[in-house]
There are 2 protein chains.
Amino acid sequence: MTELSERAGVPIPTIRYYIREGLLPPGNLTSPNQATYGDAHVHRLTLIRALVEVGEMPIAAVGRLFDHLQEKDADEYVTLGLTQYALVRASASESALDDQEAAEVQDLLDRLGWLVNDHHPARATLAAAVRTLRRLGQTDVLGLLEQYAAAAHDLAESEVGVVLDRDGLDSRAEAVVSIGVLGDAALAALRRLAEEDVMTRALKKPSSGPETTN
Amino acid sequence: MTELSERAGVPIPTIRYYIREGLLPPGNLTSPNQATYGDAHVHRLTLIRALVEVGEMPIAAVGRLFDHLQEKDADEYVTLGLTQYALVRASASESALDDQEAAEVQDLLDRLGWLVNDHHPARATLAAAVRTLRRLGQTDVLGLLEQYAAAAHDLAESEVGVVLDRDGLDSRAEAVVSIGVLGDAALAALRRLAEEDVMTRALKKPSSGPETTN
């Protein structure tokens with residue numbers, strides 16, 4: 001376990017906790033107090049850390065995701081879809097949509113021509129963001145939504161291509177998880193960096209950046 | 001305060017906590033145990049809830065953001081830039097980049113031709129996502145980064161347009177916050193919905209969605 005801890009960069013008590021919670025399978029016992037861990041353990045630990053640290057998922061949500069990946073549905077489409085649902089942030093989807101909000105999201109999806117399950121949890125996330133922007137009076141920011149939708153769909157074409165180019169359902173499901181957690185984190189970072197570039201050019205500042213005078 | 005609580009949909013103990021932490025200014029005292037709260041209080045409370053619930057920012061980070069917005073730099077470019085930096089998730093930016101990662105992020109920015117401050121915290125967020133994708137062996141997902149960058153820059157052109165079309169630094173700073181928190185949440189939701197649409201068409205499923213057989 002010491003070696004596993006070093007290879008994955010995760011402290012031993014944390015590893016024990018993940019094993020207790022069922023997120024990580026126990027090692028193969030070679031003696032009463034010696035177990036071996038392989039590359040699959042390092043990989044699983046890295047994935048758990050990505051979900052917890054980058055995706056900010058609670059341990060219970062990570063457990064539900066792994067349980068779900070274990071009990072795969074015979075239908076690949078169902079498994080990949082439910083994997084994706086498990087990544088939608090619980091906090092946002094807890095706040096249920098009211099009827100008017102649900103109708104508004106459906107109107108947007110109809111205008112876009114998108115086929116989306118009625119129970120997709122991202123409907124509530126989207127409604128919550130729209131509700132808050134409206135309460136804050138940010139109508140100009142709301143005006144960006146259609147452009148966000150177009151960009152999201154262009155990216156989705158490539159993303160689903162990556163998923164379906166893989167062999168095997170486990171590998172495809174891991175692509176869905178990687179795109180939903182690490183892809184989102186990378187995109188958010190690139191958005192902040194791109195916004196600074198555009199702001200820098202718009203205000204005709206040199207490349208020294210905003211911290212130079214503060 | 002009862003009325004404020006009802007209008008903003010936030011419980012009174014939570015409001016008291018925000019006042020104690022300096023996130024929300026106290027009401028105007030009209031008698032020793034009566035204070036009045038106006039629209040500005042409702043607006044500020046809605047903003048705090050958006051940062052905490054949608055942006056998942058810790059209270060201390062919200063406090064730092066508001067302190068920063070209060071002590072505005074004379075240079076608008078600096079104020080808007082630092083507002084944006086305050087939104088980059090603390091957890092991801094805590095993990096510092098090593099020299100090789102910093103060089104790799106700079107190479108990407110050079111290829112893209114983007115002008116970005118050396119100290120932009122999103123450099124570390126991006127490096128952390130890339131590092132994890134590499135450890136997990138997701139090279140095909142890494143291959144999406146350039147497309148993410150192009151989409152991020154297109155969106156940034158419109159976003160900076162929204163910010164600079166506004167009058168006044170406070171309003172512009174609030175646009176930066178709304179785009180960075182609520183815009184990101186809306187985009188993430190739209191990405192999941194678009195992915196389902198593309199997946200549904202690719203696997204030639206009807207619009208009933210993945211939950212029908214589970």
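Letters go in sequence order (proteins before strands), and every chain restarts at 1.
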Self-check item: More than 12 heavy atoms of other groups within 6.0 Å of B/Asp99 CG
Solution: no
Quiz item: Do other residues, nucleotides or ligands put more than 12 heavy atoms under 6.0 Å from the CG atom of A/Asp167?
Solution: no
Practice problem: Say whether, by atom type as modelled, one donor and one acceptor occur between the side chain of A/Arg123 and the main chain of A/Asn117 under 3.5 angstrom. | Solution: yes
Quiz item: Which heavy-atom pair separates A/His120 from B/Arg192 by the least distance, and what is that distance?
Solution: NE2-O, 3.6 Å
Quiz item: Which atom names give the shortest non-hydrogen contact between B/Leu190 and A/Ala149, and what distance separates them?
Solution: CD1-N, 3.8 Å
Taking [options] one by one, which has the highest count of heavy-atom pairs under 4.5 Å against chain A?
options	value
B/Thr46, B/Leu136, B/Leu133	B/Leu136
B/Ala194, B/Ala150, B/Gly143, B/Ala202	B/Ala194
B/Val141, B/Leu126, B/Leu155	B/Leu155
B/Met199, B/Glu157, B/Glu76	B/Met199

Relative to chain B, which of [options] shows the most heavy atom pairs under 4.5 Å?
options	answer
A/Ser178, A/Ala50, A/Gly113	A/Ser178
A/Ala127, A/Gly183, A/Ser171	A/Gly183
A/Gly180, A/Ala175, A/Ala188	A/Gly180
A/Glu174, A/Arg135, A/Arg49	A/Glu174

Quiz item: Can you tell me if B/Tyr37 and B/Arg44 form a side-chain donor-acceptor pair at under 3.5 Å?
Solution: no
Proximal component of [X], with respect to chain A [non-hydrogen, under 4.5 Å]:
X	answer
B/Val42	neither
B/Leu108	side chain
B/Leu144	side chain
B/Leu203	side chain
B/Leu164	side chain

Quiz item: Where on A/Ala151 is there a heavy atom nearer than 4.5 Å to chain B: the side chain, the backbone, both, or neither?
Solution: side chain
Exercise. Check step by step if side chain to side chain donor-acceptor pair (under 3.5 Å) holds for A/Arg166 and B/Gln138.
Key: CA-CA 11 Å; A/Arg166 291 200 182 181; B/Gln138 315 280 312; 2.8 Å; yes
Practice problem: Go through A/Tyr77 and B/Glu196 one step at a time and tell me if the side chain to side chain donor-acceptor pair (under 3.5 Å) criterion holds. | Solution: CA-CA 10 Å; A/Tyr77 174 68; B/Glu196 178 158 299; 5.0 Å; no
Quiz prompt | Separation between CH2 of B/Trp114 and CG of B/Leu109, rounded to the nearest 0.5 Å | solution = 7.0 Å
